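See structure below.
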Amino acid sequence: MKKILILTASFGDGHNAAARNLRDAIELISEDAKVEVLDLFESTYGTLNSLMKQAYQGLVRYAPTVWSGVFSVFDNPTLFRSQTSSLGKLRDSLAVLLHDTEPDVVVSCYPVYSHIIRDIFRDHAEQPFRFITVVTDSISVCSAWYRAPSDLFIVANAPTSEVLTEAGVPKHQVKALGFPVSPVFAREQPLPLAAPERGQRRKVLYVINTGKAKAGKSIDRLLKLPDLDLTITVGRDATLKAKLSERLREHGDRVRVYGWTNQMPRLLMSHHLVIAKAGGAMVQEAIAARCPIIINQVIPGQEEGNAQLVRKLGVGAVAEKGKEVRDLVEEVFAHRSRKWQDWRDNLEKVSQPDAAIRIAELVLEEAGRVNHRPAPTKLFEINPSQRSVTASGQAGGSRMLLCDFHIHTNYSDGRLTLPEVIDFYGRRGFDCICITDHIADPRRLVGKFSELLNFTIAPSQLDEYFDMLEQERRRAWRKYEMIVMTGLEFNKEGLTRKTSGHLLGIGLTAPISPALGLVEIVAQIHGQGGLAVAAHPHVMKSAWGKNTLFLWENQEVFAPILDAWEIANRNNIFTPVGLKRFAFLANSDFHKPKHIYSWKTLLHCEKDVEAIKDCIRRNEHVSLTLYRDGLSGEALRTVPRSPETAIPELMTLKSVWPTARTGCKTHGWEWDRGLMGL
Ligand code: ZN
Ligand code: ZN
């Protein structure tokens, strides 16, 4: 087993993208590697970090020149040293992490880590892992990237590798393998688009990140051009999405507005031109997709190199002021798209869509050079000490599956992305989860409104949702042995609580129209072999959301056809559901990380999709439990034979999770035991 730790930070946008794409590529080509992506700023500084990020975003938006000054701190060795010395807490966390997890290779996608690692291993004869830096800047490379040592530096292109070697980095340590864009670029290579002839549609993609205040006007100007279709992505800004959809409604099919999307590779490969800011990941993805780019915003300092790169490679243009974008677009397609064809020819020469795979191969090769140590590690095993207790027979007992069948991602109104949710549950040792993003009837007023505000999945993103879930299902099983099912939460919103109902479809294989009646939806769910479950069917005590009693009020219709009813939803317990002796489930209705501390289902059955569905339908050996961290994984699933054998387990847990609060854990454990009737 090769262990690879990838370090990143969420300042600017290129670092996280590079880290995640490299992880995906390693997992794609190797069955024998455990990869972790970590943002130590996030885990070490928590809220302080998010404040720093906000400050960063604020600076970028309102005062780019101020940010330029901040950026130069990183470029100035003396100033930078004073900065890193204040990073003591982060250094300590990294030292403990490296000691405990013993990775074979550490990859850094953010310049600060190399300095900290040098600091940690200052007094050591030898660094016990290979250290690789993936430089995410181009051409105007901040010197912090290479002032501290690294076994290898991976850069995006030849001009960048010249910058490093001219600064004194030995040639053999610099590899120009390309920027690690998503491996999807290498897997899916559709036929390249031909230059649009006179009268043919020009497909333009407009990516909005920051500086969005002016986006509306700039889009209006673009739409004055003939034969132009526009696809707009607005990221996570739901208000902007709603505003733009409203404003652009008159243009009909010419304009599509997307929220946050996982499909950027496909969008880039199917458009003639992209208009975006000079983010490191964005520029590199456009190059990988062979999609010419017009840059409409450059953050001084860090992004100048990306803009220079576009000019130097001749793959697009940089608009000096917002106003020029329209003129540039017109020029690109003028004279039978002559300029467009030039850019496209240059892209063919420099595009490296398989860069992530090639970097992954190099990382794995480096991991093979490290002598293997047999000891298991804490980070990469969910709970190794607990496992040994079970194996020795001390704890014994039966195994239960820890499950959560009601989870939202940012495909609807959840806070985390789908991959983030998978990692969140996978790390906590869950056995089976189902993703159930909201879907509503778009024809109904309430449904339409909530879709605009990103509360529900847009119908145009349903196929993407099913595709992504299939991909993540495989990854979750490979990485965590966790079963992931695809689901939907059908929202029927009426004007009162008695006419509103939410229905979960669990274990779906294809989209189902939300415009159907609930009875017909249940039939379709059953047709796919899935489960139809009533979500929060009774009165909820908490203040969030309104109550949805439609299914409960019409139980003579729905009790015979539903497979189960939620008896608990997050912190609510619905006693009447139990009194009716309905088949039950307990779920988080997860929208954000703190919702993990809530009611969950434990199933006593085989870890297999069909066995799990069957167990829920029969509702035998189903329990509910109140989830608390530290009692996850093996500890929760292994029912202790007696309190005496359980106590050493708690001691073990304390040593595995030194930061967890013991009082809570003891309390939580007693709850579980009580509820399981032991
Ligand atoms: Zn709901
Ligand atoms: Zn829900």
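Being a predicted model, the structure only gives us computed values, none of them experimental.
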Walk me through it: do Arg266 and Asp467 pass the test side chain to side chain contact (heavy atoms under 4.5 Å, CB included)?
CA-CA 13 Å; Arg266 271 177 218 164; Asp467 284 355; 3.6 Å; yes
Assess the residue pair Leu205 and Val207 against the criterion (side chain to side chain contact (heavy atoms under 4.5 Å, CB included)); give the C-alpha distance rounded to whole Å, side-chain angles, the decisive distance to 0.1 Å, and a yes or no.
CA-CA 6 Å; Leu205 177 63; Val207 179; 4.1 Å; yes
What verdict does the side chain to side chain contact (heavy atoms under 4.5 Å, CB included) test give for Tyr206 and Asn296, after you've listed the backbone C-alpha separation in whole Å, the side-chain angles of each residue and the deciding distance to 0.1 Å?
CA-CA 10 Å; Tyr206 197 116; Asn296 61 355; 3.5 Å; yes
Audit row: Arg91, Asp119, salt bridge (charged side-chain N to carboxylate O under 4.0 Å, His left out) steps and yes/no
CA-CA 8 Å; Arg91 184 195 52 214; Asp119 205 31; 3.0 Å; yes
Run the numbers on Asn157 and Val350 for side chain to side chain contact (heavy atoms under 4.5 Å, CB included), then give the verdict.
CA-CA 8 Å; Asn157 42 55; Val350 296; over 6 Å; no
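To the nearest 0.5 Å, atom NZ of residue Lys312 and atom OG1 of residue Thr160 are 8.5 Å apart. Rounded to the nearest 0.5 angstrom, Lys592 NZ and Phe424 CZ are separated by 12.5 Å. From Tyr110, atom OH reaches atom CG of Leu40 across 12.5 Å, with rounding to the nearest 0.5 Å. With values rounded to the nearest 0.5 angstrom, Lys171 atom NZ is found 13.5 Å from Gln173 atom CD. To the nearest 0.5 Å, atoms CD1 (Ile287) and CD (Gln352) are separated by 9.5 Å. Note that the CD1 atom of Ile275 and the CD1 atom of Ile293 stand 10.0 Å from one another [nearest 0.5 Å].
Contact between Ile29 and Ala360 at its shortest, heavy atoms only, is CD1-CB, 3.8 Å. Closest approach of Ala18 and Phe179 over heavy atoms only: CB-CZ, 4.0 Å. The minimum heavy-atom distance linking Pro183 with Asp24 is given by the pair CG-CB, 3.9 Å. Between Val184 and Pro265, the shortest heavy-atom distance links the atoms CG1-CB, 3.9 Å. Scanning all heavy atoms of the two residues, the minimum distance from Met485 to Cys432 falls at CE-SG, 3.7 Å. The heavy-atom pair separating Glu303 from Ile299 by the smallest distance is OE1-N, 3.0 Å.
In this structure, the side chains of Leu364 and Ile4 come closer than 4.5 Å at one or more pairs of heavy atoms. Within the 4.5 Å cutoff, side-chain heavy atoms of Cys142 are placed close to those of Asp137. A 4.5 Å side-chain heavy-atom check between Phe185 and Glu285 finds at least one atom pair inside the cut-off. In this structure, Val105 and Glu365 have side chains that are not in contact, with every pair of non-hydrogen atoms separated by 4.5 Å or more. For the pair Ile154 and Val174, the minimum side-chain heavy-atom distance is 4.5 Å or more. Taking the side chain as every heavy atom from C-beta outward, Met482 and Arg475 never approach each other to under 4.5 Å. By the 4.5 Å heavy-atom criterion applied to side chains, Pro419 and Glu472 are counted as neighbours. Counting heavy atoms from C-beta outward, Leu267 and Thr261 have side chains that approach closer than 4.5 Å.
When atom types are taken as modelled, the side chain of Asn21 and the backbone of Pro180 share a donor-acceptor pair closer than 3.5 angstrom. A donor-acceptor contact shorter than 3.5 Å links the side chain of Ser351 to the backbone of Ala288. Under the 3.5 Å distance criterion, the side-chain polar atoms of Thr233 are left unmatched by any main-chain donor or acceptor of Gly235. Checked by atom type and distance alone, the side chain of Lys600 pairs as donor or acceptor with a backbone atom of Ser598 at under 3.5 Å. Using a distance-only test at 3.5 Å, with no hydrogens or angles considered, no donor-acceptor pair links the side chain of Ser30 to the main chain of Ile26. Proximity of a side-chain donor or acceptor of Asn410 to a complementary backbone N or O of Arg415 within less than 3.5 Å is not detected. Of the possible donor and acceptor atoms, none in the side chain of Ser150 sits under 3.5 Å from a partner among the backbone N and O of Phe153. In terms of modelled atom types and a separation under 3.5 Å, the side chain of Thr133 and the main chain of Val135 share no donor-acceptor contact. Here the side chain of Asp354 pairs no donor or acceptor atom with the backbone of Ile357 at under 3.5 angstrom.
Under the 4.0 Å criterion applied to side-chain N and carboxylate O atoms, Arg20 and Asp423 are not assigned as salt-bridge partners. A salt bridge between Asp431 and Lys607 is present, with a side-chain N of the basic residue lying under 4.0 Å from a carboxylate O of the acidic one. A salt bridge does not link Glu361 to Arg358: none of the charged nitrogens lies less than 4.0 Å from a carboxylate oxygen. Here Glu27 does not pair with Lys34 in a salt bridge; the nearest charged N to carboxylate O distance is not below 4.0 Å. At a threshold of 4.0 Å, the pair Arg428-Asp404 does not count as salt-bridged, since none of the basic side-chain nitrogens sits closer than that to a carboxylate oxygen.
Under 3.5 Å, the side chains of Asn16 and Thr8 contain a donor-acceptor pair of N or O atoms. No side-chain donor from either of Ser588 and His595 sits under 3.5 Å from a side-chain acceptor of the other. Side-chain contact check for Arg311 and Gln308: no donor-acceptor pair (N or O, by modelled atom type) lies under 3.5 Å. In summary, the side chains of Thr409 and Asp437 do present a donor paired with an acceptor at a separation below 3.5 Å, with no hydrogens or angles considered. Between the side chains of Tyr411 and Glu464, at least one donor N or O lies within less than 3.5 Å of an accepting N or O.
Ring to ring, Tyr113 and Phe131 are not that close: their centroids are 6.0 angstrom or more apart. The aromatic ring centres of Tyr480 and Phe430 sit 6.0 Å or more apart. Aromatic rings from Phe121 and Phe129 are positioned such that their centres are separated by under 6.0 Å.
The aromatic rings of His591 and His408 sit parallel to each other, their planes meeting at less than 30°, with 60° as the upper class boundary.
Screening Lys175, Arg130, Lys2 for a salt bridge (charged side-chain N to carboxylate O under 4.0 Å, His left out) involving Glu366 leaves a single residue, Arg130. Of the options Val484, Ile433, Leu402, Ile435, a side-chain contact (heavy atoms from CB on, under 4.5 Å) to Tyr425 is made by Ile433 and by none of the others.
Residues passing the side chain to side chain donor-acceptor pair (under 3.5 Å) test with Ser114, sequence neighbours excluded: none.
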